[in-house]
Amino acid sequence: MYAIALQSAVVYISTSIDDLVLLILFHSQAKKKGERIAILLGHLSGIGVLVAISLVGSYLTGRLLKPEYIGLLGLLPIVLGIKELRGKKEKNEASITFQEQKLVRTALLVTIASGSDNLAIYIPWFTTLTQVAWIVMVLTFLLMALLFWSAGYLLANQRHIQQLLARFASLLIPVVFITLGLSILSGQGTLGVLKTLLKGYVA
């Protein structure tokens, strides 16, 4: 249980660095308590949508494929990590309009729009989780979302902290992605299948 909670926290952090930056931007513009609550609701809704899509995707994948072939999905985070390390990953900057009556929807859409990488990580990882582990993961994600929202609020006016985050995120994200991908490949027995295929190919 604790291991799943810790892994969930690491996965959430590694896939949500961009969200933290967005939350900092949102909080820097929010002036009222209602606006900050709207940011929280929008962010939670966006994460919920990404998790729901990933759960459905992992369920369908698990029904259609054997575990060792499911593990091949672990190649996705590895590819993403390598692209991050090589500096070839494209970033899209979202234009944000801060309007109090539309803030929930804006935070929701921006969270989803910045979550394409989340799906690539969540779907293969979710296929390795049991139903109990899913519950632990969802609760951990909820807690992490609240912590990120709080951190965004606290860091909104701390420029030097934002600069440090931007500096080290470029190294943290690819390392975690690649490690997670290797864990998925190993956990599903896919590495053994790949070794067998390579030996047959070389022979």
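Count residues from 1 along the sequence.
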Item to check | With sequence neighbours excluded, residues passing side-chain contact (heavy atoms from CB on, under 4.5 Å) with I53 | outcome: V49, L119
Next on the checklist: I'd like to know if L142 and F126 are part of one continuous hydrophobic network [Ile/Leu/Val/Met/Phe/Trp/Tyr, side-chain heavy atoms within less than 4.5 Å].
Outcome noted: yes
Checklist entry - Who passes ring pair (Phe, Tyr, Trp, His ring centres under 6.0 Å) against W149, sequence neighbours left out? => result H27
Next on the checklist: Working to the nearest 0.5 angstrom, can you tell me the gap between I13 CD1 and M144 CE?
Outcome noted: 4.0 Å
Checklist entry - How about H43 and L146: do any of their side-chain heavy atoms sit closer than 4.5 Å? => result no
Item to check | side-chain contact (heavy atoms from CB on, under 4.5 Å) partners for L41, two or more places apart | outcome: I37, V104
Checklist outcome for this item: Sequence neighbours excluded, the answer for ring pair (Phe, Tyr, Trp, His ring centres under 6.0 Å) partners of F141 is Y12, Y122
Checklist outcome for this item: Here the gap from I47 atom CD1 to S54 atom OG, rounded to the nearest 0.5 Å, amounts to 10.0 Å
Checklist outcome for this item: Applying side-chain contact (heavy atoms from CB on, under 4.5 Å) to L143 and not counting sequence neighbours gives L147
Checklist entry - Which atom names give the shortest non-hydrogen contact between A133 and L129, and what distance separates them? => result CB-CB, 3.9 Å
Checklist entry - Are V132 and L139 in one and the same hydrophobic cluster, where Ile, Leu, Val, Met, Phe, Trp and Tyr link if side-chain heavy atoms are under 4.5 Å apart? => result no
Item to check | Shortest non-hydrogen separation from T140 to A5 and the atoms involved | outcome: CG2-O, 3.4 Å
Checklist entry - If you measure from CD1 on I135 to OG1 on T130, what distance do you get to the nearest 0.5 Å? => result 8.5 Å
Next on the checklist: Looking at every heavy atom in both S16 and F148, which two are closest together, and how far apart are they?
Outcome noted: O-CE2, 3.2 Å
Item to check | L155-Y153 co-clustered via ILVMFWY side chain contacts under 4.5 Å | outcome: no
Checklist entry - At their closest point, which heavy atom of L20 faces which heavy atom of A151, and how far apart are they? => result CD1-CB, 4.0 Å
Item to check | Minimum-distance pair of heavy atoms, taken over all atoms of L23 and I39 | outcome: CD2-CG2, 3.7 Å
